[in-house]
Amino acid sequence: APNVQAHSREKISYYFPKGVGEYHYGMLHPMKPARLTLTNRLVLGYGLHEKMECYTPRSATREELEEFHDQEYVEFLSTVTPSTVPNASFSRFNFADDCPIFEGMYDFCRSYTGASLAAARKLASGTTDIAINWSGGLHHGKKGEASGFCYINDIVIAILQLLRYHARVLYIDIDIHHGDGVQEAFYNSNRVMTVSFHKYGNDFFPCTGALSEVGMGLGKHFCLNVPLQDGIDDAGYVGLFKSVMERTIETFRPASIVLQCGADSLGLDRLGCFNLSIAAHGECVRFIKSFGLPLLVLGGGGYTIRNVARCWAYETSVLTGTTIPDALPSTPYDDFFQPSRRLHETLGAGRVENQNTKASLEKIRVKIMEELRYLHG
Ligand code: TV7
Ligand code: CA
Ligand code: ZN
């Protein structure tokens with residue numbers, strides 16, 4: 001029989017907020033919520049919804065946003081509109097080109113955050129093994145400030161929810177940008193370990209995430225950063241990822257894992273400069289799933305939107321343990337996927353020269369293994 005479902009297959013829950021793909025940051029802005037509609041279409045087109053429990057989550061409430069964010073900041077977010085932008089608040093809360101005030105911005109934030117929170121609650125209650133929210137993962141949001149396309153940090157809010165039930169939570173971030181907002185929120189905590197893989201150097205945003213940032217106070221050694229250079233390839237990235245994450249999970253022994261799957265680490269991304277294939281990105285997800293811990297899977301960056309949708313649809317198949325054909329299903333958005341209409345499009349391997357050498361990656365690996373030895377206590 002095809003697709004053996006006999007023994008202990010994990011339960012997967014999928015959260016897609018109604019209308020989340022219909023918001024617009026502005027025509028020239030690289031963040032396109034429409035990629036979420038595209039992703040959801042591929043997920044449905046492949047029939048993956050039949051392998052999961054699908055939810056249309058409610059939006060987060062103001063109180064839920066204030067679990068992490070300053071009241072004044074949330075008040076500002078909830079009242080400002082494109083036509084009522086007060087100049088002072090503009091600089092105070094860091095609203096500028098990266099974080100424009102667009103129509104429905106507050107509802108957009110409540111929508112993706114509601115989904116991450118519902119997913120976290122489901123995991124905490126032990127009634128699902130894996131929960132997916134591709135609209136979440138906005139890792140730059142700060143307590144009282146917007147940053148890097150992110151206004152509300154749904155990840156921090158979801159982790160705070162998990163911490164009510166779980167002694168230790170591991171956060172992993174494979175977006176090409178440093179997960180600074182999440183790192184900062186838990187920098188002093190020994191209950192949340194944050195690990196980010198990212199491009200570092202030459203003023204690449206947000207310019208944090210050096211190897212030397214390892215946490216402070218009680219949180220010292222509970223933060224890891226893996227700074228990488230342009231053009232990293234599948235073998236270099238996946239090799240380092242597995243080796244670092246295996247040891248981290250073994251030593252930190254988390255009760256649950258939150259995985260931010262930013263797809264701007266793929267080759268050919270509009271803002272990125274790595275060379276990862278969808279298969280390699282998905283292999284990182286498969287590896288984390290293999291530990292069998294409660295897992296919250298979130299989206300994040302990703303700016304070549306046809307590839308973002310391919311990547312997250314593929315990762316949904318990985319998480320549900322389903323083999324899907326390389327030929328994309330037909331959707332109302334077929335034009336987006338021309339000319340190949342294949343899932344595993346070649347993402348211009350070698351477009352960006354690989355500045356990472358075997359030796360440079362090995363040096364990072366050794367440094368991190370040294371750092372992880374402090375965790376044993
Ligand atoms: C999680 N890179 C978010 C990643 C956030 C990256 C940046 C842009 C950008 C913004 C635009 C735009 C852009 C072509 C690209 C120092 C600056 C330079 C604004 C123009 N085109 C995530 C944030 C990063 C906005 N910001 O991790 C409107 O690129 O580098 C910067 C800061 C100052 C502000 N300017 C860019 O993936 C979701 N922004 C076009 C229009
Ligand atoms: Ca990252
Ligand atoms: Zn990013």
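Remember, predicted model here, so these are calculated numbers, not experimental data. Read the numbers this way: they start at 1 and go in the same order the structure lists the ligands and their atoms.
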Looking at Asp175, which of its N, O or S atoms is the nearest one to the Zn ion (ligand 3)?
OD1
Report the member of His29, Arg270, Gln260, His177 with the shortest heavy-atom distance to atom 28 (C) of ligand 1.
His29
Is the Zn ion (ligand 3) under 2.8 Å from any N, O or S atom of His177?
yes
Verify the distance test for Ser265 against the Ca ion (ligand 2): any N/O/S atom under 3.0 Å, yes or no.
no
Flag for Asp335-Tyr333: side-chain donor and acceptor within less than 3.5 Å:
no
For atom 32 (C) of ligand 1, state which one of Asp175, Asp269, Asp203, Asp98 supplies the nearest heavy atom.
Asp98
Any side-chain donor paired with an acceptor under 3.5 Å for Asn133 and Tyr55?
no
Atom name in Asp175, limited to N/O/S, at shortest distance from the Ca ion (ligand 2):
O
Which residue and non-hydrogen atom of the protein lie closest to atom 30 (O) of ligand 1, and at what distance in Å?
Phe205 CB, 3.7 Å
For residues Ser265 and His281, is any side-chain donor paired with an opposing acceptor at under 3.5 Å?
yes
At a non-hydrogen distance cut-off of under 4.0 Å, which region of Pro30 contacts ligand 1 (side chain, backbone, both, or neither)?
side chain
Output for pair (Ser111 OG, Asp154 CG), nearest 0.5 Å, gives 10.5 Å
What pairs with Asp70 under salt bridge (charged side-chain N to carboxylate O under 4.0 Å, His left out), at least two apart in sequence or on another chain?
none
Minimum-distance atom from the Ca ion (ligand 2) among N, O or S atoms of Asp173:
OD1
Side-chain donor-acceptor pair under 3.5 Å between His139 and Asn153, yes or no?
no
In terms of residue, atom name and distance, what is the protein heavy atom nearest to atom 1 (C) of ligand 1?
His139 NE2, 3.4 Å
Among the N, O or S atoms of Asp264, which one sits nearest to the Zn ion (ligand 3)?
OD2
Which residue and heavy atom of the protein sit nearest atom 2 (N) of ligand 1, plus the separation:
Leu271 CD1, 4.0 Å
Right, does atom 40 (C) of ligand 1 have protein non-hydrogen atoms nearer than 4.0 Å?
yes
Is the distance between the ring centroids of Phe149 and Tyr303 under 6.0 Å?
yes
Test item: side-chain donor near acceptor, Asp230 and Gln355, under 3.5 Å
no
Which atoms of ligand 1 are found less than 4.0 Å from any heavy atom of Asp264?
37 (O)
Consider every N or O of Asp97 and every N or O of ligand 1, then say whether any pair is closer than 3.5 Å.
no
Within a distance of under 4.0 Å, is there any protein heavy atom near atom 16 (C) of ligand 1?
no
With the Ca ion (ligand 2) at the center, what angle do O from Phe197 and O from His177 span, rounded to 10 degrees?
120°
Considering only heavy atoms of Met31, which atoms of ligand 1 have at least one such atom less than 4.0 Å away?
38 (C)
Is there a donor-acceptor contact under 3.5 Å linking the side chains of Glu103 and His24?
no
Tyr374 vs His221 aromatic rings, parallel, tilted or perpendicular, using cut-offs 30° and 60°?
parallel
How does Tyr303 reach ligand 1, by side chain, by backbone, by both or by neither, if only non-hydrogen atoms under 4.0 Å count?
side chain
According to a 4.5 Å side-chain heavy-atom criterion applied to Ile, Leu, Val, Met, Phe, Trp and Tyr, with indirect links allowed, do Tyr15 and Tyr46 form part of one hydrophobic cluster?
no
When hydrophobic residues are tied together by side-chain contacts of less than 4.5 Å, even through go-betweens, does Met193 share a cluster with Val214?
no
Between Ile176 and ligand 1, find which residue part has any heavy-atom pair under 4.0 Å and reply side chain, backbone, both or neither.
neither
Strictly by modelled atom types, are Asn225 and Gln183 linked by a side-chain donor-acceptor pair under 3.5 Å?
yes
Enumerated ligand 1 atoms positioned under 4.0 Å from heavy atoms of Leu28
40 (C), 41 (C)
